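One structure below.
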Amino acid sequence: MHSNTYAIHTIARALLLAMFVLGCEDRYQRVGDEVPDLVYPQGVAQDFTLTYTESIKELTSQDSSNTRVIAVLKSPLSEDYTNLRSPYQKFPNGIRVEYFDAAGNMSVILADYAIIYAQSNLYDLKGHVVLQSHDGKILKTNQLYWDRERDWIFTEGKFTLTNPEDGTLLNGQGLDFNRDFTYFKALKTGGEMLVKEES
């Protein structure tokens with residue numbers, strides 16, 4: 001008799017456990033604010049080129065050509081999300097930015113993927129990121145931020161900076177600098193310097 005009672009208790013426990021597990025399935029249908037918004041770009045452009053200009057002097061109503069090119073942005077695909085609360089523009093297939101200093105010298109930034117946040121004018125560059133300055137310096141990293149308003153560039157990632165002028169190769173992690181490299185701060189570094197032998 002004892003074994004029958006034990007068997008009934010075991011079966012009852014198994015059924016109770018099965019009902020508990022099956023009862024945990026989420027069958028709640030979400031409505032209203034709980035449903036995640038589907039986000040679509042308000043515009044898509046292929047073979048996209050955008051030229052940024054600024055006025056050399058304050059323009060009057062009669063001026064039309066007192067501007068200079070400060071940057072040219074090119075990408076095979078641009079997705080425009082500037083209609084959102086936090087507007088941005090996405091470049092999922094890569095980006096090339098040519099930017100010019102006051103003397104007209106061109107430097108280039110290349111990245112596999114980019115997002116430009118419209119409100120802060122911050123560029124978030126990812127993938128294989130390469131910055132080549134007009135004087136030949138080459139910076140390589142996997143993520144780089146460029147604050148266009150402050151003309152400031154920074155990363156928390158690993159980087160390699162090659163300077164052909166003085167024959168140095170600097171490796172490190174984390175750096176920030178201004179666009180023309182007159183201020184440069186690296187967090188962790190190591191590197192090499194090429195020394196020419198005297199004959």
Side-chain angles (χ1 to χ4, degrees), residues 35-54 68-101 104-164 168-192:
V35 176
D37 292 332
L38 297 175
V39 179
Y40 298 102
Q42 72 172 354
V44 175
Q46 293 182 338
D47 297 323
F48 179 82
T49 300
L50 177 63
T51 302
Y52 293 92
T53 60
E54 71 177 6
R68 71 175 185 92
V69 174
I70 56 172
V72 178
L73 186 151
K74 298 177 182 180
S75 178
L77 181 65
S78 167
E79 297 177 354
D80 185 352
Y81 296 91
T82 54
N83 58 325
L84 302 177
R85 263 189 218 136
S86 299
Y88 63 93
Q89 198 166 5
K90 185 164 70 171
F91 304 90
N93 296 341
I95 192 171
R96 175 186 173 94
V97 181
E98 301 167 353
Y99 60 93
F100 302 87
D101 63 16
N105 299 312
M106 182 180 78
S107 298
V108 177
I109 299 176
L110 302 169
D112 294 336
Y113 178 90
I115 295 178
I116 300 174
Y117 296 98
Q119 291 174 334
S120 60
N121 215 355
L122 181 72
Y123 287 57
D124 180 1
L125 308 161
K126 297 178 182 175
H128 183 69
V129 182
V130 178
L131 183 155
Q132 183 167 1
S133 66
H134 67 87
D135 58 358
K137 295 180 184 82
I138 298 174
L139 173 71
K140 294 182 180 180
T141 185
N142 60 358
Q143 184 166 25
L144 193 69
Y145 297 97
W146 177 26
D147 183 343
R148 269 200 60 232
E149 289 294 316
R150 293 176 183 85
D151 232 355
W152 203 254
I153 301 168
F154 56 97
T155 182
E156 294 293 319
K158 293 182 179 179
F159 69 89
T160 300
L161 176 64
T162 307
N163 186 349
T168 58
L169 174 69
L170 181 67
N171 296 306
Q173 183 167 358
L175 77 137
D176 60 313
F177 56 96
N178 60 358
R179 188 176 70 176
D180 57 4
F181 284 94
T182 55
Y183 176 88
F184 183 90
K185 178 182 175 185
L187 302 179
K188 298 177 186 175
T189 61
E192 301 172 8

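From a predicted model like this one, the values you see are computed outputs, not experimental measurements.
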Checklist entry - In Å, rounded to the nearest 0.5 Å, how long is the span from CG of L144 to CG of L175? => result 7.5 Å

Checklist outcome for this item: Only residue of F154, Y99, W152 satisfying ring pair (Phe, Tyr, Trp, His ring centres under 6.0 Å) with W146 is Y99

Checklist outcome for this item: Between the CG atom in L169 and the OG1 atom in T162, the distance rounded to the nearest 0.5 Å is 5.0 Å

Next on the checklist: Would you compute the distance between atom CD of Q132 and atom CD of E98 and round it to the nearest 0.5 angstrom?
Outcome noted: 11.5 Å

Checklist entry - How close do F48 and S78 get, heavy atom to heavy atom, and via which atoms? => result CG-CB, 3.7 Å

Next on the checklist: When you compare the side chain of K158 with that of N142, does any pair of heavy atoms fall below 4.5 Å?
Outcome noted: no

Checklist entry - Which is it for Y123 and I109 under the side chain to side chain contact (heavy atoms under 4.5 Å, CB included) test, yes or no, and what are the steps along the way? => result CA-CA 11 Å; Y123 287 57; I109 299 176; over 6 Å; no

Checklist entry - So which heavy atom on T141 is nearest to which on G157, and how close? => result OG1-C, 4.3 Å

Item to check | S107 side chain to H134 backbone, donor-acceptor under 3.5 Å | outcome: yes

Checklist entry - Given L170 and N163, is the side chain to side chain contact (heavy atoms under 4.5 Å, CB included) satisfied, shown in steps? => result CA-CA 8 Å; L170 181 67; N163 186 349; over 6 Å; no

Checklist outcome for this item: Contacts satisfying salt bridge (Lys or Arg N to Asp or Glu O under 4.0 Å) that involve residues 108-121 (not counting sequence neighbours) are none

Next on the checklist: Using side chain to side chain contact (heavy atoms under 4.5 Å, CB included), reason through L139 and K137 one step at a time and then give a plain yes or no.
Outcome noted: CA-CA 7 Å; L139 173 71; K137 295 180 184 82; over 6 Å; no

Item to check | Non-neighbouring partners of E54 that pass side chain to side chain contact (heavy atoms under 4.5 Å, CB included), sequence neighbours left out | outcome: R68, I70

Checklist entry - Can you tell me if Q42 and T82 form a side-chain donor-acceptor pair at under 3.5 Å? => result yes

Next on the checklist: Using every non-hydrogen atom in the two residues, find where G94 and S75 come nearest and quote the distance to one decimal.
Outcome noted: O-OG, 2.6 Å

Checklist entry - Going by the angle between their ring planes, with limits at 30° and 60°, are Y81 and Y88 parallel, tilted or perpendicular? => result parallel

Next on the checklist: Which residue in the set I115, I116, L77 passes side-chain contact (heavy atoms from CB on, under 4.5 Å) when paired with F91?
Outcome noted: I116

Checklist outcome for this item: To the nearest 0.5 Å, atom CG of D124 lies from atom NZ of K90 at 12.0 Å

Checklist outcome for this item: In this structure, OH of Y145 is separated from CD of E156 (nearest 0.5 Å) by 8.5 Å

Item to check | From Q143 atom CD to K126 atom NZ, the distance as rounded to the nearest 0.5 Å | outcome: 5.0 Å

Checklist entry - Hey, are the side chains of I95 and L125 touching, using non-hydrogen atoms and a 4.5 Å cut-off? => result yes

Next on the checklist: Within the 4.5 Å heavy-atom criterion, are Q119 and P87 side-chain neighbours or not?
Outcome noted: yes

